[in-house]
Protein chains: 2
Amino acid sequence: MHHSRLACLAIDCQTDDLDREAAFWGAALGMAVRPRSPEEGEENYRDLEEAEGQPIVLLQKVTHPSRVHLDIEADDIEAEVKRLEALGAKRVAQVRTWWVMEAPSGHRFCVVKPQRADFPKGANSWP
Amino acid sequence: MHHSRLACLAIDCQTDDLDREAAFWGAALGMAVRPRSPEEGEENYRDLEEAEGQPIVLLQKVTHPSRVHLDIEADDIEAEVKRLEALGAKRVAQVRTWWVMEAPSGHRFCVVKPQRADFPKGANSWP
């Protein structure tokens, strides 16, 4: 048995100024921009402060064209990826701890480890 | 004074079978596909059943390339559009009751009338 749920809405920005994009989206959605700890690789991310129980909204600096993608958080990434493959999704690439996948609709999305402290509250259980 | 909050995550699909795409995304996210009443124009939409207080996830059949976009719900659309313009967003097109806008980051998003019955719970208040 494993669990998964919609975790994040990632605003991928092809930009030379991620802080400017984060400032807009934070103001637009009324969410404060939360700094990340300055670990390696984290400079390409900005988080917006989500209300309790709400999906995370984050910005990511990317080199591909700007888009929005969804992340699904799961306590067993391999089991979740296999479940999604059975539904018709395809593996695209493994990145650090997560998998980039492609839906039958053509949308890219990621399967990530649990992102919010209240996981697996409200998550789906899969046998 | 008006109010706004993140309302929807719209999965725009360039597809010849919106039911197939909705079936995938419903199963992927563990959300049932909820039919819409068969009013004119509604045939291009499918809603997923959101948990209480969570953003709506919907699918829309589109002719442009597939993408994901965000909707902001507001009780005064014109005031919200003006607020977002002041932040750097641009009006793209008015469609039925909503405005399509473009963020400085290049992402399209919409400003829509309140979509969920608990509005304006948790919404931002703007003077």
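For clarity, every value in this text was computed on a predicted model and none was experimentally measured. Naming convention: chains lettered A, B, ... in sequence-line order (proteins, then strands); numbering from 1 in each chain.
Proximity to chain A (any heavy atom under 4.5 Å) is shown, for Leu18(B), by neither the backbone nor the side chain. Proximity to chain B (any heavy atom under 4.5 Å) is restricted, for Ile72(A), to the side chain, taken from C-beta onward. Interface residue Leu84(B): backbone and side-chain heavy atoms are both found under 4.5 Å from chain A.
Of the listed residues (Ala51(A), Gly106(A), Pro55(A)), the greatest number of heavy-atom pairs within a distance under 4.5 Å of chain B belongs to Pro55(A). When each of Cys13(B), Gly88(B), Ala27(B), Ala89(B) is scored by its heavy-atom pairs under 4.5 Å with chain A, the top score falls to Ala27(B).
Leu58(B) and Val33(B) fall into different hydrophobic clusters, where Ile, Leu, Val, Met, Phe, Trp and Tyr residues are linked whenever their side-chain heavy atoms come under 4.5 Å apart, directly or through other members. There is no path of hydrophobic side-chain contacts, each under 4.5 Å, that joins Val62(B) to Val92(B). Cluster annotation: Ile56(A) is connected to Val100(A) through the hydrophobic network of ILVMFWY side chains, with a link wherever side-chain heavy atoms come within less than 4.5 Å. Under the 4.5 Å side-chain heavy-atom criterion for grouping Ile, Leu, Val, Met, Phe, Trp and Tyr, Val112(B) is not connected to Ile11(B) through any hydrophobic cluster. Under the 4.5 Å side-chain heavy-atom criterion for Ile, Leu, Val, Met, Phe, Trp and Tyr, Leu70(A) and Met101(A) are members of the same hydrophobic cluster.
Between Ala28(B) and Leu87(A), the closest heavy-atom pair is N-CD1, 3.8 Å.
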Any donor-acceptor pairs between chain A and chain B, under 3.5 Å? If so, list them.
| unit_1 | atom_1 | unit_2 | atom_2 | d |
| --- | --- | --- | --- | --- |
| Asp12(B) | O | His107(A) | NE2 | 2.9 |
| Glu21(B) | OE1 | Ser105(A) | N | 3.4 |
| Trp25(B) | NE1 | Ser105(A) | OG | 2.9 |
| Ala27(B) | O | Arg83(A) | NH1 | 2.9 |
| Ala28(B) | O | Arg83(A) | NH2 | 2.8 |
| Leu29(B) | O | Asn124(A) | ND2 | 3.0 |
| Gly53(B) | O | Gln54(A) | NE2 | 2.7 |
| Gln54(B) | NE2 | Gly53(A) | O | 2.7 |
| Arg67(B) | N | His107(A) | NE2 | 3.4 |
| Arg67(B) | O | His107(A) | NE2 | 3.0 |
| Arg83(B) | NH1 | Ala27(A) | O | 2.9 |
| Arg83(B) | NH2 | Ala28(A) | O | 2.8 |
| Ser105(B) | N | Glu21(A) | OE1 | 3.4 |
| Ser105(B) | OG | Trp25(A) | NE1 | 2.9 |
| His107(B) | NE2 | Asp12(A) | O | 2.9 |
| His107(B) | NE2 | Arg67(A) | N | 3.4 |
| His107(B) | NE2 | Arg67(A) | O | 3.0 |
| Asn124(B) | ND2 | Leu29(A) | O | 3.0 |

